[in-house]
Number of protein chains: 2
Amino acid sequence: MQQRLTPKRLAIVEVLAGASRPLALPEILELGDGLAQSSVYRNLVVLERAGVVHRIVTAEASRFELAEELTGHHHHLICTSCGMVEDVPAASGLEASLADAVTPVEDATGFRTKTHRIDLVGLCKNCL
Amino acid sequence: MQQRLTPKRLAIVEVLAGASRPLALPEILELGDGLAQSSVYRNLVVLERAGVVHRIVTAEASRFELAEELTGHHHHLICTSCGMVEDVPAASGLEASLADAVTPVEDATGFRTKTHRIDLVGLCKNCL
DNA sequence: CTTTCTGCAAACGATTTGCAGCAGC
DNA sequence: GCTGCTGCAAATCGTTTGCAGAAAG
């Protein structure tokens, strides 16, 4: 099982690269052109396994964005009213405190942290 | 539209109160006894609107836990291998740094933060 | 009685999958 | 040719909803 970088896959990656926030499937279908829904889903799975895209699950639907290795580590603003998700760059002080906080938890639980997610949940400018 | 605290609703709350992690629906059905699936869903919506339970959306299904006002603020360990979710109490130093980090973001974006989520993503003891 | 709750079964919507044809190597 | 990719339509699965009866006030 080896995989190709087909034009379709490239198109999906480019659509995601052009966005400043995670995209839901209908958005990918619109922005990319002439993509079949099922193929997009299939390709997103492939790309996810390849570590190229990352899936974010929200209440209504999944959203997809390029993996952090490609976009830089960041966090999300999530609007509870309209469902908007926006990227914000990670603050370095915060990352450091998080690293400090993680260690004792790992020791206590045997959990091995690979990455983390920090989401700020509230209302966006438009929904205030 | 006013609502009652029926035995069924109480049963759901008690099941959630007895767990140390967010539960998926099948788990609630097993632990609670004689509950109909649709009624549990409906009651969870009611309880969610009442601010008693909180819904967490994962890749496979929704999970539910008591609201933080009742359980204390905490974060989650999420295992990417088996889907397990476990609660961890929030570290106070971390909360403080997060508060510091949030302010400039709010100023820059006009976003109003109501709450936040911090998830540690990795592998649990059993899946290591 | 009127309103809310319940269970059942049917409906729904996002995602997945089976299949047959096409394209890359 | 063999293997992987694609689109279409059908299937799947968690969740929601319509309905008629039961329970609460």
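Note on naming: letters A, B, ... go to the chains in the order of the sequence lines (proteins, then strands), and numbering restarts at 1 for each one. Remember, predicted model here, so these are calculated numbers, not experimental data. Computed over heavy atoms, backbone and side chain alike; hydrogens, waters and symmetry mates excluded.
- Put simply, CD on Glu27(A) is 12 Å from P on dT15(C), counting in whole angstrom units.
- Looking only at atom types and distance, the side chain of His54(A) has no donor-acceptor partner in the side chain of Glu69(A) under 3.5 Å away.
- Between Thr6(A) and the phosphate of dT6(D), there is a side-chain N or O to OP1/OP2 separation shorter than 4.0 Å.
- Residues that satisfy the ring pair (Phe, Tyr, Trp, His ring centres under 6.0 Å) test with His73(A), not counting sequence neighbours, are His75(A), His116(A).
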Could you pull out all donor-acceptor pairs under 3.5 Å where a side-chain atom in residues 11-25 of chain A meets a protein atom, sequence neighbours excluded?
residue  : atom : partner  : partner atom : Å
Arg21(A) : NH2  : Glu27(A) : OE2          : 2.9

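- Ser39(B) places no side-chain N or O within 3.5 Å of a backbone atom of Leu35(B) that could act as its donor or acceptor partner.
- For the side chain to side chain contact (heavy atoms under 4.5 Å, CB included) test, residues two or more places apart in sequence or in another chain that qualify with Arg112(A) are Leu128(B).
- Straight-line distance from the CZ atom of Arg49(B) to the C1' atom of dT4(C): 14 Å, rounded to whole Å.
- Hydrophobic clustering (side-chain heavy atoms under 4.5 Å, transitive across Ile, Leu, Val, Met, Phe, Trp, Tyr) groups Leu47(A) together with Tyr41(A).
- Residues from residues 35-48 of chain A that place a heavy atom under 4.0 Å from any atom of DNA chain D, listed by number: Ala36(A), Ser38(A), Ser39(A), Arg42(A), Asn43(A).
- Taking the side chain as every heavy atom from C-beta outward, His74(B) and Glu68(B) approach each other to under 4.5 Å.
- Side-chain atoms of Glu65(B) and Thr71(B), non-hydrogen and from C-beta on, never get closer than 4.5 Å to each other.
- Listed by residue number, there are no residues of residues 8-16 of chain B with a heavy-atom contact under 4.0 Å to DNA chain D.
- The interatomic distance linking Leu29(B) (CG) with dT15(D) (C1') rounds to 12 Å, in whole Å.
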Would you tabulate the nitrogen or oxygen pairs shorter than 3.5 Å linking the protein to nucleotides 23-25 of chain C?
residue : atom : partner : partner atom : Å
dG24(C) : O4'  : Arg4(A) : NH1          : 3.4

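- Residues Ile78(A) and Arg117(B) have side chains in contact (heavy-atom distance under 4.5 Å, counting atoms from C-beta outward).
- A distance of 9.0 Å separates CD of Glu106(A) from CG of Leu77(B), quoted to the nearest 0.5 Å.
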